[in-house]
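No experiment lies behind these values; they were computed from the predicted model shown. Just so it is clear, the values below take in all heavy atoms, side chains as well, and ignore hydrogens, waters and symmetry mates.
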Amino acid sequence: MPHILHIDASARPGIAGTDNHGSHSRHLTDQFAKQWQLRRPQDMITYRDIGQYPPSFLNHDWIASAFTPEEQRAPWMKDALAESDQLVDELIAADVVVIGTPFYNFGMPAALKAWIDQVVRPGRTVDIDESNPTDPYVPKLSDRPRHAVVLTARGGIGFDIGGKMAHINHLEPNLATALAFIGITKIHYIAIEGQEVGGEVLAKSVADAIRKVERLVDELQVMTWRDTQISEPA
C-alpha cells in the first residue's frame, strides 16, 4: 500500500485558520493528510516537522563521510551520517512526498534546503558513473514511481508560471531540480498567494487551493494504487 512522507518546513508551528499567525502551507499539508487518511486509513503516513526541528547543516565531517566508500568508513563517519541515513530512509520508503513550504525571500526556507542537502547523497539517492564524465549522475530513486507534492504559501501574488513575478520565484524550480536529480520527476504544485494582501484575495486563494488539494488526493490515490499493483510481484 502507498506510503506518504509528510514534511512541514514553515517556521510557524500553528495552522492558518486555527491559530493566530498560523501557517498557510501547514494548512494545505494538514488538509492533504486528512483527506488521504479519510479515504485510505490503512496507508502509512510518516511525519517530519523540519520547520520546528530543522536538519543539521552539512559540515566537513558529513562531506568527508558521504564521499568515502561505505566499506572504508570509520565509526565516526557512520555517526556523522546517521541523521542523513534516517532522512534518506524515510524518503526512499515514500511513494508520495508531501512538502509544505513557505516562500521566503524568493526561495525555500533554510530548513528545507538543509533537508535537501541531507537527502541528496552519493550512493544512496544518486550514483556517480565515473566512466561518463560529461553526464556522470545516475538518479537512484527512479527505481519505482514516486510523486512529490509541493504545497506553497506566498505573501505576494503572480509567482506562478506565467505570472508577472514568476521570474523571481526560485522555490519551485529549485525543488524540481533537486528532486529530479535523485529521480523524482512526477511533481505536483499547489500554492496559496496573497497572504500579505489579505481580504478576499487571500480567502479566494485559500479556497481554490483547498479544492485543488482535494482533487489531487483523489487523483494520486488512483495513480499510486495502480503503481503499487504494477511494482509488486505477482
> Does E130, at its CD atom, have more than 12 non-hydrogen atoms belonging to other residues, nucleotides or ligands within less than 6.0 Å?
no

> Hey, are D208 and R211 close enough for a salt bridge, meaning a charged N less than 4.0 Å from a carboxylate O?
yes

> Between L87 and V98, is there a shared hydrophobic cluster once you connect ILVMFWY residues whose side-chain heavy atoms come closer than 4.5 Å?
no

> Is the CG atom of N20 crowded by more than 12 outside heavy atoms at less than 6.0 Å?
no

> With rounding to the nearest 0.5 Å, note down the distance linking CD in E172 to CE in M108.
9.5 Å

> What pair of heavy atoms forms the shortest contact from G183 to P139, and how long is it?
N-CB, 3.4 Å

> Is there a continuous path of hydrophobic side-chain contacts, each under 4.5 Å between heavy atoms, that joins I99 to I15?
no

> Within the supplied structure, the quantity of interest is the number of heavy atoms (other residues, nucleotides, ligands) at a distance under 6.0 Å from E214 CD; does it exceed 12?
yes

> Got more than 12 heavy atoms from elsewhere within 6.0 Å of CG, N59?
yes

> Give a yes or no answer on whether the side chain of R154 reaches the backbone of Q195 with a donor-acceptor pair at less than 3.5 Å.
no

> Would a 4.5 Å heavy-atom cut-off, applied to side chains only, mark L171 and Y104 as touching?
no

> Once rounded to the nearest 0.5 Å, what's the spacing between atom CD1 of I184 and atom CG of L141?
5.0 Å

> For residues I187 and L28: do they belong to one hydrophobic cluster (side chain heavy atoms under 4.5 Å, members Ile, Leu, Val, Met, Phe, Trp, Tyr)?
no

> Quick check: do L91 and W115 have side-chain heavy atoms less than 4.5 Å from each other?
yes

> Verify side chain to side chain contact (heavy atoms under 4.5 Å, CB included) between R39 and V217, making sure each step is shown before the conclusion.
CA-CA 9 Å; R39 296 171 172 85; V217 168; 3.9 Å; yes

> Taking all heavy atoms of S56 and all of E83, pick out the closest pair and write down the distance.
OG-OE1, 2.7 Å

> Looking at R144 and D95, does any basic side-chain N land under 4.0 Å from a carboxylate oxygen?
yes

> With the 4.5 Å side-chain cut-off for hydrophobic clustering, are I190 and I7 part of the same group?
no

> Ignoring hydrogens and angles, tell me if any N or O in the side chain of T46 forms a donor-acceptor pair with the backbone of L5 under 3.5 Å.
no

> Between D8 (side chain) and S10 (backbone), is there a donor-acceptor pair under 3.5 Å?
no

> State the CZ-CG distance between R26 and D19, to the nearest 0.5 angstrom.
10.0 Å

> Looking only at side-chain N and O atoms, does W76 offer a donor or acceptor that is under 3.5 Å from a partner on D61?
no

> Could you walk me through whether M44 and M1 pass side chain to side chain contact (heavy atoms under 4.5 Å, CB included), step by step?
CA-CA 8 Å; M44 180 180 296; M1 55 187 159; 5.8 Å; no

> Going by the rule side-chain contact (heavy atoms from CB on, under 4.5 Å), which residues pair with E71 if we only count those two or more places apart in sequence or in a different chain?
P69

> Does one hydrophobic cluster hold both F181 and V97, with members joined at side-chain heavy-atom distances below 4.5 Å?
yes

> From T224 OG1 over to L220 CG, what is the distance, rounded to the nearest 0.5 angstrom?
6.5 Å

> State, yes or no, whether a side-chain contact exists between I50 and P55 at a heavy-atom distance under 4.5 Å.
yes

> Measure the shortest side-chain to side-chain distance between R124 and I92 over non-hydrogen atoms and say whether it is less than 4.5 angstrom.
yes

> To the nearest 0.5 Å, what is the distance between CZ (F32) and CD1 (I210)?
12.0 Å

> Is any NZ, NE, NH1 or NH2 atom of the basic residue among D85 and K78 found under 4.0 Å from an Asp or Glu carboxylate oxygen of the other?
no

> Considering all heavy atoms of both residues, which atom of D143 and which atom of R146 are nearest to each other, and what is their separation?
OD1-NH1, 2.6 Å

> Any chance you could lay out the side chain to side chain contact (heavy atoms under 4.5 Å, CB included) test for Q118 and W62, step after step, and finish with the verdict?
CA-CA 9 Å; Q118 290 283 355; W62 191 101; 3.0 Å; yes

> Just wondering, do T101 and S25 contact through their side chains at under 4.5 Å, heavy atoms?
no

> Counting the benzene-type ring for Trp, do H6 and Y47 have ring centres under 6.0 Å apart?
yes

> Taking C-beta and beyond as the side chain, do H27 and V206 meet within less than 4.5 Å on heavy atoms?
yes

> Please check this pair: side chain of R73 against backbone of S65, looking for a donor-acceptor N/O pair closer than 3.5 Å.
yes

> Output, in order, the C-alpha distance, side-chain angles, deciding distance and verdict of salt bridge (charged side-chain N to carboxylate O under 4.0 Å, His left out) for D43 and R40.
CA-CA 6 Å; D43 292 350; R40 292 189 56 86; 2.5 Å; yes

> Given side chains that start at C-beta, do those of L112 and L175 come closer than 4.5 Å, heavy atoms only?
yes

> Please find the pair of heavy atoms, one from Y189 and one from A176, that lie closest to each other, and give the distance.
OH-CB, 3.2 Å

> Might you confirm whether atom CD1 of I45 has over 12 heavy atoms from other residues, nucleotides or ligands at distances under 6.0 Å?
yes

> Give me the atom names and distance for the closest heavy-atom approach of A9 to P102.
C-CD, 4.0 Å

> For a side chain to side chain contact (heavy atoms under 4.5 Å, CB included) check, start with the C-alpha distance between Y137 and I128, then their side-chain angles and the critical distance, and finish with the verdict.
CA-CA 5 Å; Y137 305 110; I128 301 175; 4.2 Å; yes

> Work out which heavy atom in G194 is nearest to a heavy atom in L202; give both atom names and the distance.
O-CB, 3.5 Å

> Is the backbone N or O of W36 less than 3.5 Å from a side-chain atom of Q221, with the two atoms forming a donor-acceptor pair by type?
yes

> Sub-3.5 Å donor-acceptor pair from the side chain of K140 to the main-chain atoms of G123, do we have one?
yes

> I'd like to know if K113 and D117 make a salt bridge, using a cut-off of under 4.0 Å between side-chain N and carboxylate O.
yes

> Checking Q52 side chain against A11 main chain: does a donor-acceptor pair fall under 3.5 Å?
yes

> Could you give the distance from CZ (F67) to CE (M77), rounded to the nearest 0.5 Å?
12.5 Å

> Do R121 and L81 come close enough that some side-chain heavy atom pair is under 4.5 Å?
yes

